[in-house]
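Read through the structure below, which is laid out as structure tokens, and then see the notes.
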Amino acid sequence: ATLTLDSDIRVNASEPNEATITARHGEITKGPNRAVLHDVHMERPSGNFAADRFVIYFRDDNTIDHLLALGNVRAQTRGKTSMQAEAARADAWITGKNEMRSATLSGGVSLNSTGEENLQGTAGRLVLSFADRRTVDKITATDNVKLLQRPVARGGSSAHPVEIAASTIDFLVKNGKALAQAITSG
């Protein structure tokens, strides 16, 4: 069975995951249980997300199993450091308790952050692992990783830019906010 949503889809989600989701068109199917949204945009207080196509796969109990975004995947976070990410594809896996387990950006990933941390980077693939539903504890960048960190001018400091190229970089993140360690290989 298929339910077709022809145009102007708008969903408002309330706390604790406040968001406004809009799409041009969508379909909801049973067997497999999934929802497909086209030209999707999501706005949250902490940032936004957009993709040409967004697929939500449901378990038999109608909880979300995993998410797939395809084509022109773009995400932006706001804060002391703002970050923009772009990729051809994004996948996210959700636990049975509706918590993010892991997420993968692939197909040519580019990152750009400004503010307290100024960083530009590219990789073929980026995998984020979560310690709990909102706290990233590890990021693995693979496939021709290139990073450029430009220092933020602070009180006469003369820090120099740092540039890294490697086949893989593992970033260990402390409390979901601060880089604790970066390990390169290749």
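- Here Thr29 contributes atom OG1 and Glu27 contributes atom CD; the two are 8.5 Å apart, rounded to the nearest 0.5 Å.
- Judged by distance alone, the side chain of Ser113 and the main-chain N or O of Leu119 form a donor-acceptor pair under 3.5 Å.
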Does the pair Phe49 and Ile21 meet the rule for a side chain to side chain contact (heavy atoms under 4.5 Å, CB included), with working shown? CA-CA 9 Å; Phe49 171 85; Ile21 302 167; over 6 Å; no

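- By the neighbour-count criterion of 12 heavy atoms within 6.0 Å, atom CG of Asp60 is sparsely surrounded, having that number or fewer from other residues, nucleotides or ligands.
- Ile56 and Val40 fall within a single hydrophobic cluster, where Ile, Leu, Val, Met, Phe, Trp and Tyr are joined by side-chain heavy atoms under 4.5 Å apart, directly or via other members.
- Tyr57 and Leu3 are assigned to two separate hydrophobic clusters, defined by single-linkage of ILVMFWY side chains at heavy-atom distances under 4.5 Å.
- The distance from the OG1 atom of Thr95 to the CE atom of Met100 is 10.0 Å, given to the nearest 0.5 Å.
- Cluster annotation: Leu172 and Met83 are assigned to distinct hydrophobic clusters (Ile/Leu/Val/Met/Phe/Trp/Tyr, side-chain heavy-atom contacts under 4.5 Å, transitive).
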Evaluation steps, side chain to side chain contact (heavy atoms under 4.5 Å, CB included), between His25 and Asp39: CA-CA 7 Å; His25 176 80; Asp39 295 328; over 6 Å; no

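- Atom-to-atom distance recorded for Leu67:CG and Arg34:CZ is 14.0 Å, nearest 0.5 angstrom.
- The main-chain N or O of Ser185 is found under 3.5 Å from a side-chain atom of Ser167 such that the two form a donor-acceptor pair.
- Two residues are said to be in side-chain contact when any heavy atoms from C-beta on lie closer than 4.5 Å; Ile164 and Val145 fail this criterion.
- The side-chain hydrogen bond (donor to acceptor under 3.5 Å, both in side chains) analysis of residues 121-131, with sequence neighbours excluded, yields no pairs.
- Every side-chain contact (heavy atoms from CB on, under 4.5 Å) that Arg74 has, sequence neighbours left out, goes to His41, Ala50, Asn72, Glu86.
- No side-chain donor-acceptor contact under 3.5 Å links His38 to the backbone of Gly26.
- Follow the hydrophobic side-chain contacts under 4.5 Å out from Val55 and you never reach Trp93; the two are in separate clusters.
- Atoms CG and OG1, on Asp143 and Thr168 in that order, are 7.0 Å from each other to the nearest 0.5 Å.
- Counting non-hydrogen atoms of other residues, nucleotides and ligands closer than 6.0 Å to CZ of Arg101 gives a total above 12.
- The distance from atom CG of Leu111 to atom CG of Leu148, rounded to the nearest 0.5 Å, is 12.5 Å.
- Residues Phe58 and Ile94 are members of one and the same hydrophobic cluster, defined by side-chain heavy-atom contacts under 4.5 angstrom among Ile, Leu, Val, Met, Phe, Trp and Tyr.
- Considering every non-hydrogen atom in both Leu105 and Ala87, the closest pair reads CB-CB, 4.1 Å.
- Contact annotation: the side chain of Phe171 approaches that of Leu147 to within less than 4.5 Å [non-hydrogen atoms, C-beta and beyond].
- The salt bridge (Lys or Arg N to Asp or Glu O under 4.0 Å) search around Glu43 returns Arg78, not counting sequence neighbours.
- For the atom pair Ser46 OG and Glu18 CD, the distance stands at 9.5 Å (nearest 0.5 Å).
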